[in-house]
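Below is one structure, written out as structure tokens; the observations come after it.
Sequence lines set the chain letters: A, B, ... in the order given, protein chains first and strands last, and positions in each chain run from 1.
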Number of protein chains: 2
Amino acid sequence: MRSDVWSDLVDQGRLLVRLGKLLTHRHVEIYEGVGPTLGGMLAALSKGGAMRLTALADQLQVDTSVASRQAAELVERGLVERRPDPDDARAGILDLTADGHAVLQRARERSGEIVAAALADWSEAEARQLVELLTKLNGDLREELCGGRERVR
Amino acid sequence: MRSDVWSDLVDQGRLLVRLGKLLTHRHVEIYEGVGPTLGGMLAALSKGGAMRLTALADQLQVDTSVASRQAAELVERGLVERRPDPDDARAGILDLTADGHAVLQRARERSGEIVAAALADWSEAEARQLVELLTKLNGDLREELCGGRERVR
DNA sequence: CCTATAGTTGCGGGGAACAACCAACTGAGG
DNA sequence: CCTCAGTTGGTTGTTCCCCGCAACTATAGG
């Protein structure tokens, strides 16, 4: 069976990773000094709504320690608010502040512009299709990688 | 105009980055102890044929210093051979050794298997289409990011 | 009391950029 | 020719960021 397709996919994925990193790291500080990874956290909070640190870490597929530090920084910058969970004194609920929303909004616009410039000759249909396929891909990968109960270890 | 599409694309891209990293880092050492980044260099060499360090760095979109160190390690492991460029005593030509080819071959098979498992329910047509779109995306991004003469700074 | 869970902090490591550097290839003038 | 300035190919040192693991605290729940 044609395993070349998968290999090609892996290769292209790898390149995309690099380019994406360049994009976010170069066209600098899209998130107004926050950087791409913290920006990802903002985006996750926006999409998923207020949630606990562990949930956020799970969403982002990073270790809780990583999420903890990132969250701490965002809180310090006033982009995220942390309030105690009324049901559990150990836990905290993280949520975007008004500032966080604003920063994220501007960032989305800006990165959108950049991508739009690069992809000026794309039809919207193509773009949508790509997004759709990527979404499916991510879903399946996620399931394969962590859906199986094996912990991240 | 619908900038949501681009934002979604950015978000999905980011997630893919994370998942890809997990995949290569977890299903561990696909390249027999070489690791994903060095593997990428092997793949680039395979696809582009023997080339100079600078060309390789350009392909991979990394700084020459990074490529230099990676190449050095691959040479040390005997997966890549470095021979002097007859036309330029400063330069060297990097090329895969037989071992390098073998390792890469096995790695491609293995990562292909993993992806295939995760994407078992995909049709080959879908996969091909995704690869096609990704390739196009990468091409355009690359052009936008570094095609413009502005240096990386 | 004992175990499991939410989070934090202290390591350590890997990937990458930047800058400073050496070496060798240019390409004018003299 | 010859030399010297400028350019280009590579390497090394430093630093930074992101990450995972391990150890720890504190609360929850039986």
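- A sub-4.0 Å separation between OP1 or OP2 of C:dG7 and a side-chain N or O of A:Thr64 is absent.
- Using a 4.5 Å cut-off between side-chain heavy atoms of Ile, Leu, Val, Met, Phe, Trp and Tyr, with links allowed through other members, B:Val66 and B:Val80 fall into the same hydrophobic cluster.
- Per the geometry, CZ belonging to A:Arg90 stands 8 Å off C1' belonging to C:dA4, to the nearest Å.
- Nucleotides of DNA chain D nearest to A:Asp87 and A:Thr37 differ in position, and the one nearer the 5' end is that of A:Thr37.
- Residue B:Met51 contributes atom CE, which lies 15 Å from atom P of D:dG9 at whole-angstrom precision.
- Distance B:Leu38 CG to C:dG13 P: 17 Å, rounded to the nearest Å.
- A salt bridge between B:Glu73 and B:Arg77 is present, with a side-chain N of the basic residue lying under 4.0 Å from a carboxylate O of the acidic one.
- You won't find any donor-acceptor pair under 3.5 Å spanning the side chain of A:Ser65 and the base of D:dC19, going by distance alone.
- If you take CZ of A:Arg69 and P of D:dC16, they are 17 Å apart, rounded to a whole angstrom.
- One interatomic measurement links the two molecules: CD of A:Gln70 to C1' of D:dG20, which rounds to 13 Å at whole-angstrom precision.
- Taking atom CG on B:Leu53 and atom C1' on D:dT11, their separation rounds to 9 Å, with Å as the unit.
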Using residues 38-57 of chain A as the side-chain source, report each donor-acceptor pair under 3.5 Å to any protein atom, sequence neighbours left out, with the distance given to one decimal.
from	atom 1	to	atom 2	distance (Å)
A:Arg52	NE	A:Asp85	OD2	3.3
A:Arg52	NH2	A:Asp85	OD2	2.7

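- Between D:dG10 and B:Ser68, no contact under 4.0 Å exists linking OP1 or OP2 to a side-chain N or O.
- Looking only at atom types and distance, the side chain of A:Asp99 has no donor-acceptor partner in the side chain of A:Thr97 under 3.5 Å away.
- One interatomic measurement links the two molecules: CG of A:Asp63 to P of D:dC18, which rounds to 15 Å at whole-angstrom precision.
- The separation between B:Arg52 atom CZ and D:dT8 atom P is 12 Å, rounded to whole Å.
- With distances taken from any side-chain atom of B:Ala89 to the nucleotides C:dA24, C:dA6, C:dA16, the minimum falls on C:dA24.
- Within the 4.0 angstrom heavy-atom criterion, only backbone atoms of the sugar-phosphate kind lie near B:Val62; the bases stay farther away.
- Ion pairing between a basic and an acidic side chain is recognised when a charged N comes within 4.0 Å of a carboxylate O; A:Glu124 and A:Arg128 show such pairing.
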